[in-house]
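Below, read A as the first sequence line, B as the second, and so on, with proteins coming before strands; counting in each chain starts at 1.
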2 protein chains.
Amino acid sequence: MYKKIPLDINCGVKIAMEVIGGKWKTYILYELDWGTRRPSELHRLFPDASPRVINQQLKELERHGMIEKTIYPELPPRVEYSITEDGGSLMPIIHMLEQWGYNFRPKMIRILEETEEE
Amino acid sequence: MYKKIPLDINCGVKIAMEVIGGKWKTYILYELDWGTRRPSELHRLFPDASPRVINQQLKELERHGMIEKTIYPELPPRVEYSITEDGGSLMPIIHMLEQWGYNFRPKMIRILEETEEE
DNA sequence: CTGTATCCTCCAGGATACTG
DNA sequence: CAGTATCCTGGAGGATACAG
């Protein structure tokens with residue numbers, strides 16, 4: 001039976017997955033890799049995700065040191081997120097995943113059609 | 001609100017994740033990349049997973065064309081799984097994930113300790 | 001040995017309402 | 001604008017029993 005280990009800390013793949021596995025994390029990293037973004041901008045960029053969830057994912061990415069949060073104590077308060085060096089080291093992997101998935105896309109579409117379990 | 005799209009078929013990353021995202025899939029691919037394996041061998045290799053779950057993941061990997069199943073109609077029946085060319089094309093990515101995670105491991109351990117939410 | 005059918009638990013992620 | 005607190009639900013994946 002599976003033991004609820006805090007995380008398979010001995011498995012590199014699992015560690016990486018823990019960091020990028022969140023539903024919106026790769027999108028966020030991809031976006032921040034282009035430049036700094038404010039929370040409200042991100043919320044607008046991902047209208048399919050509720051703001052709460054985006055904030056959640058931002059918090060985790062920040063905790064893992066993939067992104068950085070800068071708070072400008074203005075009125076109203078302004079917040080900006082940017083990618084860190086560690087976060088940047090993730091981009092090559094994300095691009096590989098994207099490329100592979102894109103190449104596989106035609107086959108995936110056929111598979112989904114043929115085994116249609118809609 | 002998030003629409004239950006059968007899969008973000010337009011996002012390469014999500015397609016790749018769909019294929020390798022299962023809890024035991026990378027382990028299985030990793031193992032089959034070394035050589036052919038019978039189900040019972042895999043069950044023994046991953047004692048923390050119930051056989052049912054392994055079979056599940058095998059089925060999905062097969063459906064996606066990452067592995068191949070060969071049935072020898074003997075008594076008792078013998079079955080062997082092997083990795084396909086498409087499956088093999090996944091290995092570089094898995095190795096990158098593993099490498100990145102392994103490099104990040106020390107930091108991850110520190111993060112887990114400091115923010116201990118056990 | 002290989003595989004399916006049942007049942008159940010847990011939690012990521014979604015909706016909503018609210019505070020500063 | 002930024003952020004938190006509540007509540008809720010679907011589905012991945014776990015245990016177990018059983019069939020070919």
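- Whole-Å rounding puts the B:E62 CD to C:dG3 C1' distance at 13 Å.
- Taking atom CE of A:M17 as the reference point, atom P of C:dA12 lies 16 Å away to the nearest angstrom.
- Taking atom CD1 of residue B:I71 and atom C1' of nucleotide D:dG20, one finds them 13 Å apart after rounding to whole Å.
- When heavy atoms are screened at a 4.0 angstrom cut-off, A:K69 is found touching the sugar-phosphate backbone but no base atom.
- Distance check: B:Y30 OH to B:L90 CG gives 13.5 Å after rounding to the nearest 0.5 Å.
- The separation between B:F46 atom CZ and D:dG13 atom C1' is 16 Å, rounded to whole Å.
- OP1 or OP2 of D:dA2 has at least one side-chain nitrogen or oxygen of A:S40 nearer than 4.0 Å.
- Comparing C:dC1, D:dG3, C:dG14 by their closest approach to the side chain of A:P39 singles out D:dG3.
- Of the listed nucleotides (D:dG3, C:dG14, C:dC1), C:dG14 has the atom at the smallest distance from the side chain of A:W24.
- For B:Q57 and D:dA12, the CD to P distance is 10 Å, given to the nearest whole Å.
- A salt bridge is defined here as a Lys NZ or Arg NE, NH1 or NH2 lying under 4.0 Å from an Asp or Glu carboxylate O, and A:R37 with A:E31 meets this definition.
- In this model, no donor atom of one side chain and acceptor atom of the other lie less than 3.5 Å apart for B:H64 and B:D86.
- Rounded to an integer number of Å, the gap from A:E60 CD to D:dG3 P is 15 Å.
- Close to C:dT2, at under 4.0 Å from its OP1 or OP2, lies a side-chain N or O of B:R38.
- Using a 4.0 Å heavy-atom criterion, one finds that A:V53 contacts the bases of the nucleic acid, with or without backbone contacts as well.
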Please produce a list of atom pairs where a protein N or O lies less than 3.5 Å from an N or O of nucleotides 4-7 of chain D.
| from | atom 1 | to | atom 2 | distance (Å) |
| --- | --- | --- | --- | --- |
| D:dT4 | OP2 | A:K59 | NZ | 3.3 |
| D:dT6 | O4 | A:R52 | NE | 3.2 |

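- A:K14 places a side-chain heavy atom less than 4.5 Å from the side chain of B:T26.
- One finds no side-chain N or O of A:Q56 lying less than 4.0 angstrom from the OP1 or OP2 phosphate oxygen of C:dA12.
- A:E60 and A:K25 are joined by a salt bridge, as a carboxylate oxygen and a charged side-chain nitrogen come within less than 4.0 angstrom of each other.
- In this structure, the separation between OG on A:S50 and CD on A:Q56 is 8.0 Å, given to the nearest 0.5 Å.
- Nucleotide C:dG3 holds its C1' atom 9 Å from the OH atom of B:Y81, rounded to whole Å.
- The separation between B:K23 atom NZ and D:dG13 atom P is 7 Å, rounded to whole Å.
- The neighbour count for A:Q99 CD, taken as heavy atoms of other residues, nucleotides or ligands under 6.0 Å away, does not exceed 12.
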